[in-house]
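Have a look at this one before I ask anything.
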Amino acid sequence: MVKHSIYYWAGVYRDSLGKNMSYKELPRVIAINILNFDIVKQAERFHTSYHLYEDFEGFKLTDVIEFHFIEMPKLIRDWQADKLDPWNDVLARWLLLLGMVDR
């Protein structure tokens, strides 16, 4: 799924460069993956985000690339265990609505 997301991100980024455009004009592209399965085993959070950072000093290389993975099973699990408050978490509230429609 990670490679799948990168592949489609790259296509959107590449295709946004029109004829006679400068590379400086390329827009920021954000990939948002809403999944009905768990993919990020290293994190308990339902929402993880990724950017390109320098390995040793940790500064961001660019802001044109961003990936978000939202794992619905983790969201539902946290909600059922009262670990999140959808009234004070707008993202969780909207995602729970998506989950209701899916069921």
Side-chain angles (χ1 to χ4, degrees):
M1 184 64 211
V2 173
K3 288 183 179 183
H4 183 90
S5 184
I6 294 169
Y7 177 81
Y8 282 103
W9 175 91
V12 170
Y13 190 66
R14 180 192 61 247
D15 292 346
S16 65
L17 185 66
K19 209 172 199 179
N20 299 322
M21 280 180 64
S22 164
Y23 285 108
K24 292 178 184 179
E25 297 176 74
L26 281 167
R28 184 174 185 202
V29 176
I30 301 170
I32 300 171
N33 302 275
I34 301 175
L35 309 171
N36 65 351
F37 57 90
D38 292 344
I39 190 170
V40 183
K41 306 300 183 207
Q42 303 90 330
E44 291 294 317
R45 294 180 325 279
F46 69 88
H47 175 213
T48 53
S49 60
Y50 302 88
H51 303 84
L52 288 179
Y53 290 95
E54 199 281 329
D55 287 342
F56 295 102
E57 295 185 34
F59 59 86
K60 193 184 289 188
L61 175 65
T62 180
D63 68 347
V64 299
I65 184 170
E66 186 173 328
F67 292 91
H68 294 262
F69 290 91
I70 296 170
E71 299 163 285
M72 293 301 286
K74 289 181 182 179
L75 171 79
I76 299 298
R77 182 193 65 224
D78 287 352
W79 178 58
Q80 290 174 337
D82 286 330
K83 290 184 179 178
L84 65 90
D85 178 11
W87 297 111
N88 293 312
D89 184 335
V90 175
L91 177 61
R93 191 174 337 149
W94 280 106
L95 291 169
L96 286 169
L97 286 173
L98 287 176
M100 291 175 149
V101 171
D102 191 41
R103 302 269 184 261

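All figures in this text were calculated on a predicted structure; none of them were measured in a lab.
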- Query: Are more than 12 heavy atoms from other residues, nucleotides or ligands located less than 6.0 Å from atom CZ of R93?
  - Reply: yes
- Query: What is the ring orientation for Y53 with H51, classed by angle as parallel under 30°, tilted 30 to 60°, or perpendicular over 60°?
  - Reply: perpendicular
- Using 4.0 Å as the upper bound for N to carboxylate O, is an ion pair formed by E66 and R28? yes
- Query: Looking only at heavy atoms, which two atoms of P86 and L84 are closest? And how far apart?
  - Reply: CD-O, 3.4 Å
- Query: Mind checking whether V64 and L61 sit in one hydrophobic cluster, side chains of I, L, V, M, F, W, Y counted as touching below 4.5 Å?
  - Reply: yes
- Side-chain contact, heavy-atom cut-off 4.5 Å: L96 with L75? yes
- Query: Crowded around K3 NZ? As in, over 12 foreign heavy atoms under 6.0 Å?
  - Reply: no
- Query: In this structure, are over 12 heavy atoms from other groups packed under 6.0 Å from Y50 atom OH?
  - Reply: yes
- Query: So do Y13 and I65 actually touch side chain to side chain, heavy atoms under 4.5 Å?
  - Reply: no
- About how many Å separate NZ of K74 and CD1 of I76, when rounded to the nearest 0.5 Å? 14.0 Å
- Query: Would you find more than 12 non-hydrogen atoms of other residues, nucleotides or ligands less than 6.0 Å from Y7 atom OH?
  - Reply: no
- Query: Under a single-linkage definition using a 4.5 Å side-chain heavy-atom cutoff for Ile, Leu, Val, Met, Phe, Trp and Tyr, are V40 and V2 assigned to the same hydrophobic cluster?
  - Reply: yes
- Kindly compute the distance separating CD (E71) from CG (D78), expressed to the nearest 0.5 Å. 10.5 Å
- What distance do I39 atom CD1 and F69 atom CZ have between them, rounded to the nearest 0.5 Å? 5.5 Å
- Cluster overlap L35 with W94, hydrophobic side-chain contacts below 4.5 Å: no
- Message: Could you measure the distance from the CE atom of M72 to the CH2 atom of W79? Nearest 0.5 Å is fine.
- Response: 10.0 Å
- How long is the gap from CE on M1 to CD1 on I6, to the nearest 0.5 Å? 10.5 Å
- Can you check whether I70 reaches I32 side chain to side chain, under 4.5 Å on heavy atoms? yes
- Query: How long is the span from the CD1 atom in I30 to the CH2 atom in W9, to the nearest 0.5 Å?
  - Reply: 11.0 Å
- Item | Candidate pair R77 and E44, rule salt bridge (charged side-chain N to carboxylate O under 4.0 Å, His left out), full reasoning | CA-CA 10 Å; R77 182 193 65 224; E44 291 294 317; 3.5 Å; yes
- Working for side chain to side chain contact (heavy atoms under 4.5 Å, CB included), residues F56 and E54: CA-CA 6 Å; F56 295 102; E54 199 281 329; 3.6 Å; yes
- Do the rings of H68 and H47 sit parallel, tilted or perpendicular, given the 30° and 60° boundaries? parallel
- With side chains defined as the heavy atoms from C-beta onward, is the minimum distance between F67 and T48 less than 4.5 Å? no
- Query: Under a 4.5 Å cut-off applied to non-hydrogen side-chain atoms, are L95 and L91 in contact?
  - Reply: yes
- Item | Under 3.5 Å donor-acceptor, K83 side chain and Q80 backbone | no
- Quick one: closest heavy-atom pair of P27 and S16, and the distance? CD-OG, 3.2 Å
